[in-house]
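The structure under discussion appears below in the form of structure tokens.
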Number of protein chains: 2
Amino acid sequence: MISIGELAKRAQCTVPTIRYYESVGLLPQPQRREGGHRAYNRKDLARLILIRRCRDIDMPLDKIKELLTLEANGKPCQETVDFFSVQRNAIKARIQALQELDFTLSLYVENCQSGCMQNKAPCHIYDEIAQ
Amino acid sequence: MISIGELAKRAQCTVPTIRYYESVGLLPQPQRREGGHRAYNRKDLARLILIRRCRDIDMPLDKIKELLTLEANGKPCQETVDFFSVQRNAIKARIQALQELDFTLSLYVENCQSGCMQNKAPCHIYDEIAQ
DNA sequence: GTTGAACCTAAAGTAACTTGAGGATGCATG
DNA sequence: CATGCATCCTCAAGTTACTTTAGGTTCAAC
């Protein structure tokens, strides 16, 4: 049994976020201690970590709910595997976009370092962004 | 001179988003045609593309505004270069996080494919997420 | 000259949280 | 035992970055 603060630390999120997830039905109502404090178990942590992982790739809460329902209904693995495969594709696309962006930014930096910063000429970096 | 729809296409965003950016002062009030339609030029496009690029890496609008002010004030290149360098670091960190996530997901998928899907045993994939 | 796509403004709605107010609980320490 | 002080509680309101809706105007093509 772990406290909400401990759960937050382990799942890398904030305490209010956990209460928020509970309020929208993403996390079940947890057990309570005598004084009313929430008490979580290993399963709650697993669920929250999965939620956060999905959020890391910007999956909307609605979709995450779907996934969790799928799990709760004990659907065959194929669906889960398909689901994760789709997510992996999304991740790969995102990585590629970021790499391209990084390359573009490296060109900007180089442009300034070897050009206008050397000869003290005015910088045209922002104009070049539009091609 | 290009229309708002054309601008949206070229900057890969929606028309309402452009009007929203104008309303919060991120984009200047553009020229207008006789009938009142907005008319943009190359510089507006450059600015919008830069804004969108910053948004792609989740930079908040406030920070983008700062950057653009920095540009408007004709600050020396060093600041711009520093700015982009910091952004590149943020991008690299994000890429690494995504690669790790992808690896983790690949383990889940493999686990199902070589395990429960073969022997039709119940799946423990979600439990394993919490280690 | 009419019709359909694209544009206009203003206001309200949405997602996913975060922050704030005002108070109760839990536990280590004098 | 009491007394801090960190952590917890609820409920409501605020925030960011848009999106959607409503009701109307303009533009371009046939």
Side-chain angles (χ1 to χ4, degrees), chain A residues 1-41 44-45 47-69 87 90 94 97, chain B residues 1-41 44-45 47-69 87 90 94 97:
Chain A
M1 285 298 151
I2 58 180
S3 71
I4 194 169
E6 191 56 32
L7 191 74
K9 243 175 238 159
R10 294 208 201 164
Q12 315 239 64
C13 71
T14 69
V15 166
T17 297
I18 294 173
R19 286 197 275 252
Y20 170 71
Y21 287 162
E22 184 186 325
S23 80
V24 297
L26 256 183
L27 287 176
Q29 313 252 69
Q31 279 188 262
R32 299 283 182 143
R33 290 191 208 155
E34 312 245 313
H37 287 196
R38 290 168 177 81
Y40 296 94
N41 57 32
D44 295 319
L45 176 60
R47 197 180 169 99
L48 179 55
I49 287 176
L50 178 60
I51 293 170
R52 293 308 300 175
R53 238 162 229 172
C54 292
R55 289 296 302 137
D56 283 341
I57 50 172
D58 289 323
M59 193 186 298
L61 296 187
D62 280 6
K63 276 236 157 176
I64 299 175
K65 219 175 220 171
E66 260 178 59
L67 168 65
L68 293 171
T69 310
Q87 291 322 308
R94 187 106 178 94
Chain B
M1 287 297 150
I2 57 181
S3 70
I4 194 170
E6 191 58 30
L7 190 76
K9 244 175 238 162
R10 293 206 202 166
Q12 315 240 65
C13 70
T14 70
V15 166
T17 296
I18 295 173
R19 287 197 278 251
Y20 170 70
Y21 286 162
E22 185 187 323
S23 80
V24 296
L26 257 184
L27 287 175
Q29 313 252 69
Q31 280 190 265
R32 297 284 182 141
R33 293 196 204 150
E34 312 245 312
H37 287 196
R38 289 169 177 82
Y40 295 94
N41 57 33
D44 296 318
L45 177 59
R47 197 179 169 98
L48 179 55
I49 287 175
L50 179 59
I51 294 170
R52 292 308 299 176
R53 247 172 219 164
C54 293
R55 288 297 300 137
D56 283 341
I57 51 173
D58 290 324
M59 192 185 300
L61 296 187
D62 279 5
K63 274 237 158 173
I64 299 176
K65 218 176 218 168
E66 260 179 58
L67 167 67
L68 293 171
T69 311
Q87 290 322 308
R94 186 101 179 97

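Computed from heavy atoms alone, side chains included, the values below leave out hydrogens, waters and symmetry copies. Within every chain, numbering begins at 1; the chains are lettered A, B, ... in the order of the sequence lines, protein sequences first and strands thereafter.
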Q. To the nearest angstrom, how far is A:Leu7 atom CG from D:dT7 atom P?
A. 15 Å
Q | side-chain contact (heavy atoms from CB on, under 4.5 Å) between A:Asp44 and A:Ile2, worked out | A | CA-CA 10 Å; A:Asp44 295 319; A:Ile2 58 180; over 6 Å; no
**Q.** Reported CZ-to-NE2 distance for the pair B:Arg32 and B:His37, which is rounded to 0.5 angstrom
**A.** 9.5 Å
Q) Is there a donor in the side chain of B:Arg52 and an acceptor in the side chain of B:Tyr21, or the other way round, less than 3.5 Å apart? A) yes
Q. When you check every protein heavy atom under 4.0 Å of nucleotides 13-30 of chain D, what one-letter string (B, S, -) results, 5' to 3'?
A. ----BBSB-----SS---
Q: Considering non-hydrogen atoms only, spot the tightest contact between B:Ala39 and B:Pro30 and give its length.
A: O-CB, 3.9 Å
**Q.** Spacing of B:Leu67 atom CG and B:Leu50 atom CG [to the nearest 0.5 Å]
**A.** 5.5 Å
Q) What is the nucleic acid contact for B:Arg19, judged by heavy atoms within less than 4.0 Å: base, sugar-phosphate only, or nothing? A) base
Q: Respond yes when some side-chain nitrogen or oxygen of A:Ser3 is under 4.0 Å from OP1 or OP2 of D:dC8, and no when none is.
A: yes
Q.
As a quick check of understanding, evaluate side-chain contact (heavy atoms from CB on, under 4.5 Å) for A:Gln87 and A:Arg53, giving each step before the final call.
A. CA-CA 11 Å; A:Gln87 291 322 308; A:Arg53 238 162 229 172; over 6 Å; no
Distance-only donor-acceptor hits, side chain of residues 8-20 of chain A, under 3.5 Å, sequence neighbours excluded:
from	atom 1	to	atom 2	distance (Å)
A:Arg10	NE	A:Glu6	OE2	3.4
A:Thr14	OG1	A:Thr17	N	3.2
A:Thr14	OG1	A:Thr17	OG1	2.7

Q: May I ask you to decide if B:Gly25's main-chain N or O and B:Lys65's side chain share a donor-acceptor pair within less than 3.5 Å?
A: no
Q: Shoot me the first and last contacting nucleotide of DNA chain C against chain B, ordered 5' to 3', at under 4.0 angstrom to non-hydrogen atoms.
A: C:dC7 to C:dT9
